[in-house]
Structure formats: structure tokens, C-alpha cells
Amino acid sequence: MLTKAPKGTKDIIPSEVYKWQYVEKVFKDVCTSFGFEEVRTPVFEHTELFERGAGDTSDVVEKQMYTFNDKGGRSITLRPEGTSSAVRAFLENNLYAGTLPVKMFYEMSCFRYERPQAGRMRQFHQFGIEMFGAGGASADAEIISLAITFLSKLGLKGLDLNINSIGCPECRNEYNKKLKEYFSQYSDKLCPTCLSRLERNPLRILDCKSPECQEIGKDAPVILDHLCDDCKESFEKTKTMLSAMGIKYEIDTGIVRGLDYYNGIVFEIIAGDIGAKSTVCGGGRYDGLVSQLGGQPTPGIGFGLGIERLLLAMELAGIEIPKPKGIDIFIGTIGEEAKLKAQKLAYELRQKGIKADIDHLDRSVKAQMKYADKIGAEYTMIIGDTEIENNKANLKNMLDGTVKEIEIDKIGEEFI
RNA sequence: GUGGGUAUAGCUCAGUUGGUUAGAGCGCCAGAUUGUGGCUCUGGAGGCCAUCGGUUCGACUCCGAUUACCCACCCCA
């Protein structure tokens, strides 16, 4: 118990963390080149924010939230997603009064109470971006192209970008009615889950894996045929933009985002077969969310990108993440006097920004050399009484094994 | 919440129809090389065989329960 992390959580240990640092750096660089700035919001929020934001009929809010009362009796929830917090920060800090559009990115832990499986954790990590105040197709295309740029920079090939439009509240209502009408005719043939979806969310029946439901779904009305003129036009414009940038996409009328705030364009990016959960990035437009949370009507669009799934996809694709360089020099020692000297030398080198390490376990020279090799030391120097007396020691290049004699006190000059 | 699978050394896994001292590879430590890594060879440490109960003369092995992990469904990143 004490030595076991809670279900659905995982340590990122020192020997693995370089992978995270690598994708984090690439993501930040890409976002910056697109003119986005980082935002950091609290890990927990008032529960109401997610109920109003993600929507209290969404599965996430209904049964997956880590909610508790704090000692002051407030209902607090560990964030299950990032967009609600971003909108709250946008409103609370009056960012809408500044220069529009507001473009921000983030990396955050999110929490959902679910049964863990491949690519799904209870604590998971997301990259995300949000853009507020721009409702046009160029904003859509910018968001999508940022995701594609990022994933491509990491070396992922064969990305599948699937897009759809779920329309504005008006055309979606119309469409839902038509869907209900259509599927009601087959209510005796639908599977039990889809029968319950008929009332709750008929759109999801289109996603069902059961052969019967799929067969019935083939002839169901398609959302894209039932968009209002405005929605239709903006979807067309976005597609034109994507094509102009040479970004390939597929229309997938089955994409329905799980959070209630989406409207208009929605998209998913699938990067390789990483198990059942192969969607690495999902997002869309949420033009109603800002006003839903008490602000002036402001268009918004963004995406979330799962870091665990990203790393899975990269591993599966055989992408090698560059390991960071080891230390510059290991100073090995024989005897107490040498230890004293090495400690002082390492301290001076480290202050100059040179990565230096010494022995702390009083090991044999051979063992110290092995240690130096393991930590990836580029150079080693062993000092004992003779070396200290002459102020001369051998500096060994660990890559080619060559040795050169240097003055101990001038060791720093070797690393300029 | 529903269903399936797995549980033996730090890691990846063997372990015969139930039979007495539970193995390998990798990793770790040490020696060969009395003050110099990688390669090789030799040795060493490290196991309540997940837990609890049952069957049996005898259980790592068979049965049951519990727990944990993995995978899939719902849903999602």
C-alpha cells in the first residue's frame, strides 16, 4: 500500500523523464512559433465550473470527476479537462479586454475516475491550446495546423486527421430530431446501449460497433446534410484553408466530442494503433462556452493532446527520443586528501556550469570508472597523492580512450 | 459500472502428470587487472512462488475467495 501509487497513476522516473522533457520542449517551441503564450491554472477548481463548462450531462461530469469538499465546505474538483479552466482564467483576468485574439497553450495533469487501460490513466497529462475571440475559418485552420506541425516535428508519420461539423445549437437540435425519428423505426433491432442512446445522445448510435446498429446507421441522416447555411459555409471555408496548406483530412461524420460545449467544427487526430484508445488529439470549436460561463459571447477553439498516448504512439512508431548528454567530467579519487581536492574542484567546475561528479561511496578506482561510464561521463580524471603533489593528472576521454596529462588546477580550461 | 486475462529474483520470463535443496537471461556487487570504464571469464547477493483458506502423506503446481496489475466495453486524451 505504502509502496504502491494509487490505481491509474504512474511515476515518471529519472531514467524516463527525458522523453517528457523532449516533447515538452518541442511543443513549447511550436506554440511559440504560432504566437501562443503559456498559461498555468490551478489543478483544482470549483466543481460548478466543470458542471457548467464541460456540461453536467457529459459522462465526464456525471461519473468521472474527483470531487470533494474542502475544510471550508466548498465543493472542489480536480480538473478533468483544460478548456473550462482556460475560459475561467480568460474571464477572471479580463483578458477579453486586451488584445484579441487571446492565444494560449498549456501542459497540465488532468484527473478522471475511470478503469485504467492502455493509454488511459486516472491522472493523465495533456498539452492544450485555446484561442479566444476569433470565430473564422483561419482560426480553425491555425489550431489544426499547429497540432499537425507538432506531431510531425516529433517524427510521427501517417497521421489521420478526421474532421466533422456538429453544427450550431439550432441545426444540431433539428438534426437530433431527425436522427431520433429515423432510429425510432428500428427500436426493436438496436442493441440495448443504443436504445438508451436514442433519448440521451442519438448521435452516438452512429459510432456503435454492433453489426446491426452499423447496418441501420448506414442510411441514417448525416449531420453535414442538415447544417444551416452559416455552419455549412464556415465548414467549407475551413476545408478550403486546410487544403490550401496541404493538410490532408477525412470527413468523419461519426466524430462527436464528449464534452457538451462543442459546436461547429470538431476534429480528432489518430496517430498509429496504440490500442483501443488511439485518438491522440481531439478538439473543436466552443463558441457558446464563454457566455455560458458568464462572459460576453466570445468565439473559442482549441484542442487537448494526451501526452501518455503521444509517447505510446511514438514508441510504437519506433521513434527514438534523443537522450540528453551525460556529465562532462567525473573526478575519481584515491585517499582522503584527494577526496577533499575533488570536492573543491567539482564545486568550482559546477559553479562555471560544467557538469561534474565525484565518488561518494569510497569505491575502488575500477568501480569509480564503471560509475563514470554509467552516468555517461565524457571525461574522467583520477587523482591521488602523486597527482596532488605534482598538480598533474591524466584526463581520459571516455569515448576514444585517449589520455592527456593536464595541470589539475587548470582543469576548468579544458571545458571552455 | 460490465467482461476477460495475469500474478515466481530489481526487470523479462522458465518451472514436466502435484514429489522434497525454485531456475535462466538481463541488471546489481565483487574478483581476474594490488591506481582506470566499455568486451570477456569467474564468483556473490537477491524469492513468505501476491494474500488468505481448502484438497492432499506432500502444493509454485489443483480448487475457492480476496487484492493488485493488464486488456477490452461504456466513454474519452
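Side-chain atoms are counted along with the backbone in the values below, which use heavy atoms only and exclude waters and symmetry mates. Residue numbering restarts at 1 for every chain, and letters A, B, ... go by the order of the sequence lines.
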query = Checking A/Glu16 side chain against A/Lys19 main chain: does a donor-acceptor pair fall under 3.5 Å?
reply = no

A/Phe124 has its side chain closest, among B/A77, B/U33, B/A30, to B/A77

- Query: Taking the same atom, P, in B/A65 and in B/C28, what whole-Å distance lies between them?
  - Reply: 42 Å

5'-most contact on RNA chain B (nearest-nucleotide basis), A/Lys370 vs A/Arg122, goes to A/Lys370

### Message
Check for me whether A/Arg40 meets the cation-pi criterion with A/Tyr106, that is, NZ or CZ under 6.0 Å from the six-membered ring centre and within 45 degrees of the ring axis.
### Response
no

With the threshold set at 4.0 Å, does a side-chain nitrogen-carboxylate oxygen contact exist between A/Lys237 and A/Asp140? no

NZ/NE/NH1/NH2 to OD/OE distance under 4.0 Å, A/Glu348 and A/Lys344
yes

message: Once hydrogens and angles are ignored, does a donor-acceptor distance under 3.5 Å link the base of B/G37 to the side chain of A/Lys396?
response: yes

request  = Taking only Lys NZ, Arg NE, NH1 and NH2, and the carboxylate oxygens of Asp or Glu, determine whether A/Glu387 and A/Lys341 approach each other closer than 4.0 Å.
outcome  = no

- Message: Categorize A/Cys110 for me: base, sugar-phosphate, or nothing, with a 4.0 angstrom heavy-atom threshold over every strand shown.
- Response: nothing

C1' atom, B/A22 versus B/G46: distance in rounded Å? 14 Å

Worked verdict on A/Phe415 versus A/Lys355 for side chain to side chain contact (heavy atoms under 4.5 Å, CB included): CA-CA 10 Å; A/Phe415 297 93; A/Lys355 288 179 268 179; over 6 Å; no

In whole angstroms, the gap separating C1' of B/U33 from CE of A/Met369 amounts to 13 Å

Here the distance between atom P of B/A30 and atom CD of A/Gln368, to the nearest Å, is 11 Å

Between OH of A/Tyr371 and C1' of B/G38 the distance, given in whole Å, is 17 Å

*asked:* Applying a 4.0 Å non-hydrogen cut-off, can you work out what A/Leu399 is touching in the nucleic acid: base, sugar-phosphate, or nothing?
replied: base

note: A/Ile329, atom CD1; B/U36, atom P; distance rounded to Å ~ 18 Å

The residue, A/Tyr113 or A/Asp385, whose nearest nucleotide of RNA chain B is more 5′ is A/Tyr113

Separation of B/G35 atom C1' from A/Met381 atom CE, nearest Å, is 14 Å

Any sub-3.5 Å donor-acceptor pair from A/Arg52's side-chain atoms to A/Gln292's backbone N or O? yes

For B/A72, take OP1 and OP2 only and decide whether either is under 4.0 Å from a side-chain N or O of A/Arg120. no

*asked:* With a cut-off of less than 4.0 Å, is there a side-chain N or O of A/Lys374 near OP1 or OP2 of B/G27?
replied: no

| query | Under 4.0 angstrom, heavy atoms only, what part of the nucleic acid is A/Thr380 near: base, sugar-phosphate, or nothing? | reply | nothing

Check: How far, in whole Å, is B/G25 from B/U42 if one measures between their P atoms?
Finding: 10 Å

Considering only heavy side-chain atoms of A/Ile382, the closest of B/G37, B/U36, B/C29 is B/U36

Same-atom distance (P) from B/G5 to B/C41, integer angstrom
43 Å

Review point. In terms of ring plane angle, is the pair A/Phe132 and A/Tyr286 parallel, tilted or perpendicular, where the classes change at 30° and 60°?
Key: perpendicular

- prompt: Would you call A/Glu308-A/Lys10 a salt bridge at under 4.0 Å N-O?
  reply: no

query: Could a donor-acceptor pair under 3.5 angstrom be found where the side chain of A/Glu114 meets the base of B/A77?
result: yes

With the side chain defined as heavy atoms from C-beta on, A/Lys63 is closest, among B/A77, B/G37, B/C74, to B/C74

Does this structure show an ion pair linking A/Arg350 with A/Asp328, if we count only N-O contacts that are shorter than 4.0 Å?
no

- Query: If we take the P atom in both B/G64 and B/C75, what is their distance in whole Å?
  - Reply: 34 Å

Atom CG of A/Leu395 and atom C1' of B/G37 are separated, to the nearest Å, by 14 Å

In whole angstroms, the gap separating C1' of B/G37 from CG of A/Asp400 amounts to 13 Å

Given protein heavy atoms under 4.0 Å, the one-letter contact record of nucleotides 65-70 of chain B, with B base, S sugar-phosphate only and - none, is simply ----S-

Looking at A/Glu174 and A/Lys177, is any side-chain nitrogen of the basic one under 4.0 Å from a carboxylate oxygen of the acidic one? yes

Please report the distance separating the P of B/C74 from the corresponding atom of B/G47, rounded so that it comes out in whole Å. 44 Å

Provide the distance between the two C1' atoms, one in B/U6 and one in B/U61, to the nearest whole Å.
-> 16 Å

Between OH of A/Tyr379 and P of B/G37 the distance, given in whole Å, is 18 Å

- At under 4.0 Å between heavy atoms, what does A/Ile334 touch on the DNA or RNA strands: base, sugar-phosphate, or nothing? base

Quiz prompt | Within 6.0 angstrom of A/Glu24 CD, more than 12 heavy atoms from elsewhere | solution = yes

So the stems of RNA chain B, runs of at least three Watson-Crick or G-U pairs (under 3.5 Å), are B:1-7 with B:67-73, B:10-13 with B:23-26, B:28-32 with B:40-44, B:50-54 with B:62-66

- Message: Classify A/Ala377 by what it touches in the nucleic acid, base, sugar-phosphate, or nothing, heavy-atom distance under 4.0 Å.
- Response: nothing

| Counting any heavy atom closer than 4.0 Å, what does A/Glu387 reach on the DNA or RNA strands: base, sugar-phosphate only, or nothing? | base

For A/Lys366 and B/G35, is the shortest distance between a side-chain N/O and OP1 or OP2 below 4.0 Å?
-> no

Margin query: Between B/G27 and B/G10, how far apart are the two C1' atoms, rounded to whole Å?
Written below: 7 Å

Within the 4.0 Å heavy-atom criterion, would you say A/Gly128 contacts the bases, only the backbone, or no part of the nucleic acid? nothing

